[in-house]
2 protein chains.
Amino acid sequence: MQSQKKSAIQPERDIGKQLRAVGITPTQQRVQIAEILFARPQHLSADQILASVNSLGTTASKATIYNTLGLFARRGLIREVIVDPVKVFYDSNTSTHHHFFNLDSGELTDIDADKVVVTNLPELPGDTQLEGIDIIFRVRSSHPHEEN
Amino acid sequence: MQSQKKSAIQPERDIGKQLRAVGITPTQQRVQIAEILFARPQHLSADQILASVNSLGTTASKATIYNTLGLFARRGLIREVIVDPVKVFYDSNTSTHHHFFNLDSGELTDIDADKVVVTNLPELPGDTQLEGIDIIFRVRSSHPHEEN
DNA sequence: TCAGTAAATTAGATAAAGTCTATTTTGTTG
DNA sequence: CAACAAAATAGACTTTATCTAATTTACTGA
């Protein structure tokens, strides 16, 4: 035992194991990114993650952020949410759920899967397999809506 | 009557009326863009529309394409479809329907509204009003899926 | 018909997200 | 610790979209 605090949880270790479990070598940057994402269920942009990582002493380049997020997404650790035409959100909640997207604030919030019931799924186009279903409720903050 | 062909349909005239009906001054560029979009229900990117317009003799600048598409969307003539992280699709079918998005080909296809039944809508977050619901079935062309 | 004015269009500069490349650094394994 | 593969990096580059300042067009009323 390498004389380390032992009572404290060791998120690095845990997260390292989790990453290894899905075949990802837990490098410093990846662990850092994972810690930020998995601190709680949330929706973050690549930019926000870059800023978080770099404000915590650790550093990671933009390329690494994108590489890592892509990797995590392909491995099913996070989910890409495409609702904002200018940027992708990375959702650390991978259980089935849907989203509200506030067009005015750009805010993204979760909707529990059981709040929406979808029946009668359409049959898929020939030779395709389903990757996922995204259900997005686009809302606006209620103020007399200007239209022009 | 200004000695014009009369038997032929006059799409410019019709589209002009349609645009006026929603308070849009039918300029040459707008009519051209509308003609392309409304020729049939389809999903086009700004880039494709720009190329179409400019291949037809008429010209429109990039700025006008974006201005016009934004205007049409705000007026409810077309619907913005956000499924591809790199570009927006403009859908000339404004009746309620959903989409398949093929992640491999980037192809977007319609799903009739009656093919998907959604019950149990969630209650909206405080002080928001619903603008629309997007349901996207993300599919992949079926070939042994590589994951890395 | 024409002048005046507001609305629309334009070229090109700019912004921002994301990707790519060539190089360096790190991690692992014997 | 040497050697090799995997990962990280800086910064150039690409693409979509927006913005700006100037020009052109379309409509109005006399």
Side chain to side chain, V81(B) and V88(B), heavy atoms closer than 4.5 Å: no
Reference residue D110(B); test side chain to side chain donor-acceptor pair (under 3.5 Å); the match among K115(B), H99(B), H98(B): H99(B)
Non-hydrogen atoms of F101(B) and G106(B) that approach each other most closely: CE1-O, 3.3 Å
Euclidean distance, atom CG of residue D47(B) to atom P of dA17(D) [Å, nearest integer]: 8 Å
Which nucleotide in dA17(D), dA8(D), dA17(C) has an atom nearest any side-chain atom of Q29(A): dA8(D)
Touch class at under 4.0 angstrom, heavy-atom based, for S45(B) against every strand present: nothing
Selection from dT10(C), dC20(C), dG18(C) that lies nearest to any side-chain heavy atom of Y66(A): dG18(C)
For atom NZ of K87(A) and atom P of dT18(D), their distance in whole Å: 13 Å
Whole-Å distance separating the CD atom of Q48(A) from the C1' atom of dG18(C): 16 Å
S92(A) side-chain N/O to Q42(A) backbone N/O, donor-acceptor pair under 3.5 Å: yes
Euclidean distance, atom CZ of residue R75(A) to atom C1' of dA7(D) [Å, nearest integer]: 14 Å
Length of the line joining D84(B):CG and dA17(D):P, which is rounded to integer Å: 9 Å
Atom-pair distance (CD1 on I33(A); P on dA7(D)), nearest Å: 13 Å
H43(B) and H97(B) aromatic ring geometry - parallel, tilted or perpendicular at 30°/60° bounds: tilted
Spacing between N67(A) atom CG and dG11(D) atom C1', to the nearest angstrom: 15 Å
N or O in side chain of T27(B) less than 4.0 angstrom from dT9(C) OP1/OP2: yes
Atom-pair distance (CD1 on I65(A); P on dT9(D)), nearest Å: 8 Å
Closest to side chain of A63(B), choosing from dA17(D), dA8(D), dG12(C): dG12(C)
R30(A) side chain, from C-beta outward: closest of dT19(C), dA8(D), dT16(D): dA8(D)
Toward the 5' end of DNA chain D, by each residue's nearest nucleotide, P26(B) or Y90(B): Y90(B)
Residue mapping more 5' on DNA chain C - nearest nucleotide basis, I24(B) or V88(A): I24(B)
Under-3.5 Å donor-acceptor pair between K62(A) side chain and dG18(C) base: yes
Minimum-distance nucleotide to T25(B) side chain [options: dA26(D), dG18(C), dT9(D)]: dA26(D)
Touch class at under 4.0 angstrom, heavy-atom based, for T64(A) against every strand present: base
Candidate nucleotides dC20(C), dC27(D), dT9(C), ranked by approach to the side chain of R20(B) - the nearest: dC27(D)
